[in-house]
There are 2 protein chains.
Amino acid sequence: MATIYQVSELAGVSLATVSRVMNNNARVSDKTRDKVLVAMEQLGYRPNSIAQSLASSRSNSIGILVSELHGPFYGEMLTGIEAEFRAAGKHVIIAAGHSERATEEEGIDFLRSRSCDALILHVEAVTDQYLIELSKKETPFVLLNRQVAALAERCISLDNELGGYLATHHLLQQGHRHIAYIAGPMWKTDARDRFHGHQRALAEYQLTADDALFFEGDFRETGGSKGLQWLLASGRPFSALVCANDEMASGALTAARELGYEVPANFSVIGFDNVNFAYYTYPKLSTIDYPISAMGQMAARWVLQQVYQQSSIVVQQVFSPHLIPRDSVAEALHT
Amino acid sequence: MATIYQVSELAGVSLATVSRVMNNNARVSDKTRDKVLVAMEQLGYRPNSIAQSLASSRSNSIGILVSELHGPFYGEMLTGIEAEFRAAGKHVIIAAGHSERATEEEGIDFLRSRSCDALILHVEAVTDQYLIELSKKETPFVLLNRQVAALAERCISLDNELGGYLATHHLLQQGHRHIAYIAGPMWKTDARDRFHGHQRALAEYQLTADDALFFEGDFRETGGSKGLQWLLASGRPFSALVCANDEMASGALTAARELGYEVPANFSVIGFDNVNFAYYTYPKLSTIDYPISAMGQMAARWVLQQVYQQSSIVVQQVFSPHLIPRDSVAEALHT
DNA sequence: TAGTATTATGTAAGCGCTTTCATTTATAGC
DNA sequence: GCTATAAATGAAAGCGCTTACATAATACTA
């Protein structure tokens, strides 16, 4: 592999000049630039990015920590991030945190030790305090999908409350008045926010959430099926069901079928997230779209702006979800 | 950030000694080692991985090129890869190739310029010739899910022929004798291999594939729905349908429902890949499992063995698929 | 055309490590 | 106690770049 030194020799200029044409910011005369370019071409020269990083103390790498690499959600997120950085000549190092505190912290440590210029974190298990401590260290980071008041300017998140509102509002508009709710784990902010949105929508119709129609699930499929069984067993009638995410909605759909109910004939179901498989369920799941790819892209832009000084970039911090009506919600028969 | 120099000073030893304890291979007396360890601890020292890379000419990074970051397939693959490397202290740089030749080549270039020690490639659009050329350059690579004869020792792939065989064999065992087939693009090796497996299974029952029951799809959902329509329109009766992947199977399932058919009552359907949403379709899709996560992990091991000399590792190059029977296949009514 | 302001290029000192080779210190044999 | 050998440590030369800072070349002014 040719080095900058050989290029400088062949072109008959100094190292510094070659370096200048590479980072084509500095002023070099056209003549010299051409000579250098020709020499590079001739030698098939490729700069050694490691040496560049060491000398400039910029690694041009961004660490991404997600909960999982598989699953319908994170792939979309990574897509947005990778595309944005690739175009900017930065590269992306990934690590998985598996929603466990120790693994998440370890992943962050791993990424930091890799000399990342910045981090994009999608963490669930580490504490706010940990993140606040982290913010005092040298590596800058953005938080995706998490709100920490003290770190507000580094958070990119979805308006979950609005999403919860939209879901229930849609059901209300279809004439439903008895609406069951399967929530996510209520210690998670997003689960709580979605539920608050639900309550707000109900309030607009002078309704309040019925405790007998509330079940706290786990954001997994089984949470949905167990939740539905519990709701049905409670004996309290309902004509529609809000699930705080699509996995649980899918579980509910399957359970309903197995118990002999038809959706949406017997009751409507709405999910949240609009993950890819929502389209493959039967009936196709009405849900709330979570623009996660766009949000990932925005996190990347935050980094470009804050860390690489690409000042022209505008960052949007809060995203709005919207309704995706499909086949799992129908009009209520009796209001 | 503390440097090795400060550690050496505090511990009262030379740089070399500190470096030795870091890479704990060289022989250092226990006393000195402890002194150094204490100094490191005290300074909160973390080695600068960039400097390490430059000096040792090993970046400890592996580039991964996948077609897409989202979708049900690549996430699984990345999971296997990341876990394996993370445990080995290596890190993973990702790029997407979008199944387009130019983008794939560009991605490979990008990764190479990032000083990766090795590459794991899941490429579809670049030519064999390009890969053969690439193999002459310094960066080693493995191919996932692609067979290039000249590069056989670098290929990790699935026995697609066997998978195709298993799918059709299952149908035959259930008594089906008139089996339709929706293939992938036949220029792709895996699509062809799967079809060959189908033919072999038929041959065992003294049957041959019926041209009127064959449709070449595109591995996308629409390919499945169009394919089913075409097959139905052809008027040739069939009691079972093999789809060369799950997306197309899902498309077929949806189309069947819309056209008033019931699966598996009217005809059985089997897919291929066992992507996550196969579980969410209705009826749940019987399919052939593609152990992509394990294959990703194996690709990582190949790198660990070949590039990082971890000789204890054993690499398996060809993987076998197996049948996942679910609800979309039923016994044939009349044999 | 001398004198000054610009612009282009070169010199050389790092960046924070690894690693070879030389040197020092400990261990053993007699 | 004195050499012969092995083990532990240090000195220093890079790895391939970037980037002050110094210097040379050119353009501009009066």
Which of the following nucleotides, [options], is nearest to the side chain of [X]?
| X | options | value |
| --- | --- | --- |
| Leu54(B) | dC17(C), dT18(D), dC15(D) | dC15(D) |
| Leu15(B) | dT19(D), dG10(D), dC17(C) | dC17(C) |
| Asn48(A) | dT18(D), dG16(D), dC17(C) | dG16(D) |

Between Ser59(B) and Ser115(B) (side chain of the first, backbone of the second, donor and acceptor by atom type, cut-off under 3.5 Å), is there such a pair? yes

Backbone of Val318(A) reached by a side-chain donor or acceptor of Gln316(A) within 3.5 Å: yes

With a 4.0 Å cut-off on N to O distance, would you call Lys136(A) and Glu133(A) a salt bridge? yes

Within a strict 4.5 Å, meaning less than it, do heavy atoms of the Cys116(B) and Ile93(B) side chains meet? yes

How long is the line joining [atom1] of [X] and [atom2] of [N], in whole Å?
| X | N | atom1 | atom2 | answer |
| --- | --- | --- | --- | --- |
| Arg27(B) | dT27(C) | CZ | P | 14 Å |
| Ile50(A) | dG14(D) | CD1 | C1' | 16 Å |
| Asp30(B) | dA7(D) | CG | C1' | 13 Å |
| Lys31(B) | dT25(C) | NZ | P | 12 Å |
| Met22(B) | dG16(C) | CE | P | 13 Å |
| Glu9(B) | dA11(D) | CD | P | 13 Å |
| Lys35(B) | dG10(D) | NZ | C1' | 12 Å |

Taking OP1 and OP2 of dA11(D), is either one under 4.0 Å from a side-chain nitrogen or oxygen of Tyr5(B)? no

Is the phosphate of dG10(C), meaning OP1 or OP2, less than 4.0 Å from a side-chain N or O of Ser14(A)? yes

Test His70(A) against Thr79(B) for side chain to side chain donor-acceptor pair (under 3.5 Å), laying out the working first. CA-CA 6 Å; His70(A) 60 257; Thr79(B) 297; 3.0 Å; yes

Which is more 5' along DNA chain C, the nucleotide nearest Ala16(B) or the one nearest Ala51(B)? Just name the residue. Ala51(B)

Hey, which sits more toward the 5' end of DNA chain C by its nearest nucleotide, Arg33(A) or Ala2(B)? Arg33(A)

No-H, no-angle donor-acceptor pair, Arg20(A) side chain to dG10(C) base, under 3.5 Å: yes

